[in-house]
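Notes follow the structure.
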Amino acid sequence: MSAEPDDTREITRVLVANRGEIARRVIATCRRLGIQTVAVFSDPDAHAPHVAEADAAVRLPGSAAAETYLRGDLLVDAARRSGADAVHPGYGFLSEDAGFARAVVAAGLTWVGPRADTIDQMGSKVRAKELMAAAGVPVLAVDPVHAGPDDLPLLVKASAGGGGRGMRVVRAAGDLDAALAEAASEARSAFGDGTVFVEPYLETARHVEVQVVCDEHGTCWVLGDRDCSLQRRHQKVIEEAPAPGVPAELRERLHAAARAACAAVGYVGAGTVEMLVDGDDLFFLEMNTRLQVEHPVTECVTGLDLVALQLAVAEGRPLVGEPPEPSGHAIEVRLYAEDPTDGWSPRTGTVRRLDVPAARTAFDVPPGAGVRVDSGVVPGTRVGVRYDAMLAKVVATAPDRASALRLLVGALRDTRVHGVLTNLDLLLGALADPDVRAGRVHTGLLEERLDAWAAPRVDARVLDDVVLAAALGDAVAAHEASPVQRRVPAAFRNVPSQPRSRGYAVAGRDTVVTARYADVRGRLEPVGTGTVAVHVAAHEVRLERDGVQHVYRLARSGDEVDVDGPHGGVTLRRVPRFEDPAEQVADGSLVSPMPAAVVAVEVAAGDEVTRGQVVVVLEAMKMQHTVAAPHDGVVASLTVAVGDQVESGAVLAVVDEQSTPGGAE
Amino acid sequence: MSRARTTVEPGSPAYLANRALMLERVADLDAQHAKALAGGGERYVERHHTRGKLLARERIELLLDEDSAFLELSTLAAWGTDFPVGASLVTGIGVVEGTECMVVANDPTVKGGSSNPLTVRKGLRAAEIAAENRLPTINLVESGGADLPTQKDIFIPGGATFRNITRASAARTPTVALVFGNSTAGGAYVPGMSDYVVMVDGGAKVFLGGPPLVRMATGEVADEESLGGAGMHARTSGLADHLAVDEHDAIRLGRQVVRRLNWRRTGPTPAPTFDEPALDPEDLLGLVPSDPKQPFDPREVIARLVDGSDFDEFKPLYGASLVTGFARLHGHPVGILANAQGVLFSEEAQKAAQFIQLANQVDTPLLFLHNTTGYMVGAEYEQGGIIKHGAQMINAVSNSTVPHLSVVIGASYGAGHYGMSGRAFGPRFMFSWPNARSAVMGPAQLAGVISIVARQAAESRGQAYDEDGDAQMRALVEQQIEEQSLAAFTSGMLYDDGVIDPRDTRSVLGICLSAITNGPVEGARGYGVFRL
């Protein structure tokens, strides 16, 4: 497949200028090839798995991406200090930054990616389209100056953009100017380039892309296509290879267009030509000059290791022989820590468990049919809003699409994630949709059917059983943890007066569910439900409803209980039996530290205050005490006046914290 | 290892008949318990709830550690009297913050939680259990004080209530009072004598004299809050250590107090492992014959109570009408004495006396399973020294210092009741099964004895005996004695600590043994064991 490298360019030690899943992916291939690896890490990632797995690691001080993974100078310096001879950028961050590619090469290191000038050419979407049009590849284009009602709807895009940023859909002609201005402003702040362009918005088109790898000796392999139509906010969620239902003639045109695109720029390296398919028509969208998130599906149907090919090409090796013909089918879903029903808001938390029991491989093609899971998350990983919220890619591959779908659905059904809310229900909802199963997809489908797809698998009736399982298991656990009377049945009553009850708040839902049960001769039995407890242990509860038994498994962490049942996982938070009234004060409340008299009130309600500013002065035992604002904000309420006598713990005022723009992580 | 063999046949007609009758009795027991649980009745319960207050048992449930056990005691107190069943008080042993405590709660739905003579006796019994077993006490107070019409039976003996609290404190078993409502006049001394006091703001009223009494006594006009409000006691008098914002908060604070008691058990630790009985306790319902005159093998009962059904019998061939032996229950060692054939002869009495001494020698608690018609009478036995031998047994029981547990599983008649560590012999705990009968003798025998004596008196006076009147009298006496021997009746008199479902016996005894080991278990010292 690839011959001897140019001696001077043999890669022995790769700095992986990335984090998370893709860093582990690159490290895995390097390890298989005998290449050493150097990881980089920001402060929050100090204990991330990619750091542990690399041969060496270099700290990038700070937390924000701009201070760490986006600092080309620090990365080049890290490569130099760690003795790396090559840099792999992964995807995202600086993977399509021509300046970084140049800096790497200038430092005498091998850049694992296309040439910097190619990145530049494709980085400008306006320029890329011009190139493609010239090469005979159809492109979508509208001259904004002459756009009329017939052209609607329109899509305004940033030339330098990606990931949906700087994009605007225009449905009324009068909105175009405003959309252009907004998109330009957003693009300027996000990418430092305010260039925008306009194209027809094809609402029911498919996103089909073609994977290519080209060597520097003129050989260009087209490694099949992928459908990535199921997107949320222009970010891919479900991808598959090959794109289903594409006629041979169209597939040929797609592949030819990709080949033409590569030829037009003399492309070297791995890349993806993204196209829109609308009926029989195809249009060039953009070319990604890097490895894509969804590359595993192509690996699964070709048997190739794309990272290995990237490294080989970077070493100057030629691609030898013919590219493998894709066979079988692979589908990937991206498991995100996010709430699809709440505007896709990212969910933060510490991952306590991430388990896909069906997984046969990680970062590698499963032999034959099987499930591959690529993940950058391990138990204990803190998922914040600072970086991408993707927890894992779950890929199923099988000889045919229906088998791959079934395998993937089975794997997802058994997937257990504790600690953060995920889009798992949405993924299963989507994969159950008849149109998705038939391959009738388009880029607007996910948003269109979001409500139906994202409906929780655990409905109200099942939730009652989930809570019951948690309550019974918790009862046994509490009883087993008691220092006394562990040998007496849990909740034993010789004169029962009322059932026991335990209440739980359901994570991600604004609801509290209470389960009731009682000891009946040494067994805990549910009260007020048709469900029967067949077997109760601290970590496993077997319930029977309508003659069918199901097992619920419980994991506990502090006040939280993760319940995994036949309908997936639910995280419950125990409703505390007691609340300390001293803790029941609003956030930002200023409380009196002692019984005292109010001698001065320095602010009025509605005043803006800064942290440390004196709000109230108290006097007790002839001593004055000042009570200051705990943070910047606005005085939301003032409950005391000069001369008032206040109790210890009494709320004096409440200062609402102001959200400062850009202050959030 | 002595695994019990069983002859119980769960499918047999006799078993099924026995079981049906016992289930009927258990259902009746539930019905009697329901009277106590109902408190002052729906109207008062609802009124109490609408005031935002919790019922006595709701307070207890909230106070206890989640999913720990609660052994309610004397639930049927006052059964068969003019006072409401339960005696307006709930008592029991529960676990709070991992500490076994005696919990005592007034039932404010019954005449405002006021005390009648049975309330006082039930409270004193709870205090006795706490003292003997070294348990901290938590009082959940809301009581209107003494039920004045019955004050003659309350006022003077009731003083012990207050004395007990401070003596418990002196014995280093802390006392906690959570005051939810009225705690006035004498009742004020409950928080007054307690080590820790929590009062509910707006609920607790603790004063010696309320506004009318103060006005009568001194002419002072004062409101309830300034005389005894929770806020006043927390800020001014210092009688309250903690001011709770509401009832939940009071219970939270009560638990907080117990958490810091640094409670340490001083009794023996049970064996690290134990087995459940190999035989099903459910069979206990079917093995007690429906005919009380028919004896049953107590080994069948023992095998369904003790760990692994493993019972090592002592002297099995001697004095066969009393079964003695050693076993474990929840890992606690126990010596068991159980009547087999009802009657106690000289051999049985001597065997019991010897066995009790042996248990004392090795600090092993004793479990008495009563099913006795008493010591044998008749010339042969009197001449054989039955009184002497019975006295040996009663002597041994009386002077035994290991904890005794008594369960009346059948009859407990005559001096047999004494010899088997009946109420007057100070068992730490005593329970009855619903079929239990306790009396000086069986109703028919008692009526017969009265009849014979009356007949003799008539004859000696040379009068004709009124046979019709005799028959009437016998029927009346028999019925009266039958009623007064009932488990519910004796329990109502506080002659036991409760009537229990036979199937709960093991759990109940397990809690008792666990409670007992809060304090030391030490047998009597002195002479060596007399071989009798």
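Here is how names work: the chains are called A, B, and so on, in the same order as the sequence lines, proteins then strands, and each is numbered from 1.
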With a 4.5 angstrom heavy-atom cut-off, is it the side chain or the backbone of [X] that approaches chain A, or both, or neither?
X	value
B:Arg506	neither
B:His33	side chain
B:Thr273	backbone
B:Asp501	side chain
B:Leu62	both
B:Leu29	neither

I want to check something: taking the side chain as every heavy atom from C-beta on, are [X] and [Y] in contact at a cut-off of under 4.5 Å?
X	Y	value
A:Tyr517	B:Asp67	yes
A:Arg487	B:Pro270	yes
A:Phe578	B:Ile251	yes
B:Leu37	A:Val495	yes
A:Val484	B:Arg265	yes

Cationic N near anionic O, under 4.0 Å, A:Arg493 to B:Glu72:
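Salt bridge flag = no for B:Glu72 with A:Arg493.
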Under a 4.0 Å threshold between the charged nitrogen and the carboxylate oxygen, would B:Glu66 count as salt-bridged to A:Arg500?
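Answer for the salt bridge query: yes.
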Using distance alone, with no hydrogens and no angle criterion, decide if A:Gln498 and B:Glu58 have a side-chain donor and acceptor under 3.5 Å apart.
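Distance-only check fails for A:Gln498 and B:Glu58.
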When rounded to the nearest 0.5 angstrom, what is the spacing between OG in A:Ser497 and CG in B:Leu55?
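Reported value, rounded in 0.5 Å steps: 9.0 Å.
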So how far is it from B:Asp504 CG to A:Asn494 CG, rounded to the nearest 0.5 Å?
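Reported to 0.5 Å precision, the distance equals 7.0 Å.
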In terms of heavy-atom pairs under 4.5 Å with chain A, which of B:Pro281, B:Ala515, B:Ser68 leads?
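Ranked by heavy-atom pairs under 4.5 Å with chain A, first place is B:Ser68.
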Given the options B:Ile500, B:Leu71, B:Leu253, which has more heavy-atom pairs under 4.5 Å with chain A than any of the others?
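Max contact count across the listed options: B:Leu71.
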Looking only at heavy atoms, what is the nearest atom pair of [X] and [Y], with distance?
X	Y	answer
A:Pro489	B:Ala69	O-CB, 4.4 Å
B:Gly510	A:Val488	C-CG2, 4.4 Å
B:Asp249	A:Pro581	OD1-CD, 3.2 Å

